[in-house]
Number of protein chains: 2
Amino acid sequence: MELSCKSEYAILALLELAASYQSGEPLQIRQIAAQQDIPDRYLEQLLATLRRGGLVKSQRGAKGGYVLAREPWKIPLLDVFSCLEGLDAAVPELDSSAKTIERSVIQEVWQEACQAANLVLQKYTLQDLCEQRTARRQMDIMYYI
Amino acid sequence: MELSCKSEYAILALLELAASYQSGEPLQIRQIAAQQDIPDRYLEQLLATLRRGGLVKSQRGAKGGYVLAREPWKIPLLDVFSCLEGLDAAVPELDSSAKTIERSVIQEVWQEACQAANLVLQKYTLQDLCEQRTARRQMDIMYYI
DNA sequence: ATTATACCCCGGTTTTTTACTGGGGTTTGT
DNA sequence: ACAAACCCCAGTAAAAAACCGGGGTATAAT
């Protein structure tokens, strides 16, 4: 199960926004894209999706950009995934049209596995990842010395 | 997270093999494909992969076919997935080449989520699914009456 | 031995999804 | 007014998933 570029890019962008959340100043697509080495036109689409999903707010015009729609600790990663991949993707619904019993039995197990994964993605917030990042940076400095 | 055709087909086939495991008689691709409504040429590929992965054994020639390589209760679903999608797919390794700290932090969380899912897939065996199936069939009969 | 059956190998094609790009419009601060 | 940014839509390229076909090989039955 590979993490899609899409999700990785989105989370990277959100991490930037989380880091600058205190400042209140919006970040521009260009900036984020440059910082995280993401194709900016592509990132634009992702941010648009995140905006429609209520995860970020945008400010148009000069000095515009994006800010998180709510505090970093109130945004679990699961929200990001369900926004991008669709909620039905995060937790696939077992269609009652269930062609055969076998298939629905398999789907149920699969669903349980997905829910287990989602539980993990639910418990980590952007804030958590930000902290992990700074902690890691500290470690790298220590190691350097 | 959608279940791939590939994995669904494979598990369906393995369920058939599990069901006829007692008999000792091999099942043919054609039979399984017809029973579960799977394109037989495609199923052939999958069974070949499962064979190379040591999950099934094949008997060539007339009266040939496939049998499970070991008892149904000794085959957790995770084995099927890792065989088909590759072990590195089931548990993505975080490459130490880690471009940036941010990306590796994200990968770690993703990996934890995958492991949670794998734990579920580890605990269910083909046997379990078979039993689920027969149980479900009983229920359907009750409901019919 | 011959023959029919059924797996084996390998490669190609089609379809779908993912990742990415481009053009032209609209809002907004200076 | 004008430049900086987002907005919308549509297309393309590349990769993965799903599927198909041909010719070969082992094996059981006759």
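Numbers restart at 1 for each chain; the letters A, B, ... are given by sequence-line order, proteins then strands.
For B/Lys63, counting side-chain heavy atoms from C-beta on, the closest listed nucleotide (D/dA28, D/dT27, D/dC7) is D/dA28. Closest to the A/Arg52 side chain, of the nucleotides D/dC8, C/dA6, D/dA18, is D/dC8. Residue A/Ser58 has its side chain nearest to D/dC6 when only D/dC6, C/dA19, D/dC8 are considered. Between D/dC19, D/dG24, C/dA19, one nucleotide has an atom nearer to the side chain of B/Tyr9 than all others, and that is D/dC19.
Using a 4.0 Å heavy-atom distance criterion, A/Gln59 is classed as a sugar-phosphate-only contact. B/Leu47 comes within 4.0 angstrom of nothing in the nucleic acid, heavy atoms only. Within the 4.0 angstrom heavy-atom criterion, no nucleotide atom of any strand lies near B/Arg30.
Between A/Arg41 atom CZ and D/dC9 atom C1' the separation is 11 Å, expressed in whole Å. Rounded to whole angstrom, the span from the CG atom of B/Leu46 across to the P atom of C/dC9 amounts to 15 Å. In this structure, the CZ atom of B/Arg51 is 11 Å from the P atom of C/dC7, given to the nearest Å. When the C1' atom of C/dT16 is taken as reference, atom CD of B/Glu2 falls 13 Å away, rounded to whole Å. For the pair B/Glu8 CD and D/dC19 P, the interatomic distance rounds to 11 Å; values are reported in whole Å. In this structure, CD of B/Gln28 is placed 13 Å from P of D/dA28, rounded to the nearest angstrom. In this structure, the CD1 atom of B/Ile29 is 14 Å from the C1' atom of D/dC19, given to the nearest Å. One interatomic measurement links the two molecules: CG of B/Leu3 to P of C/dT16, which rounds to 18 Å at whole-angstrom precision.
Counting atom types as modelled, B/Arg60 pairs no side-chain N or O with a base atom of D/dT27 as donor and acceptor under 3.5 Å.
Side chain of A/Ser82 to main chain of A/Leu78: a donor-acceptor pair is present (N/O by atom type, distance under 3.5 Å, no hydrogens or angles).
The six-membered or imidazole ring of B/Trp110 lies away from that of A/Tyr124, with a centre-to-centre distance of 6.0 Å or more.
When the nearest nucleotides of DNA chain C are assigned to A/Leu43 and B/Gly64 by heavy-atom distance, the more 5′-ward of the two goes with B/Gly64. Both A/Tyr66 and A/Gln45 lie near DNA chain D, and the one whose nearest nucleotide falls closer to the 5' end is A/Tyr66.
In this structure, B/Arg30 does not pair ionically with B/Glu44, as no charged nitrogen and carboxylate oxygen lie closer than 4.0 Å.
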Audit row: B/Gln107, B/Gln111, side-chain hydrogen bond (donor to acceptor under 3.5 Å, both in side chains) steps and yes/no: CA-CA 6 Å; B/Gln107 287 296 334; B/Gln111 197 193 27; over 6 Å; no
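How far OG of B/Ser20 is from CD of B/Glu25: 9.0 Å, rounded to the nearest 0.5 Å.
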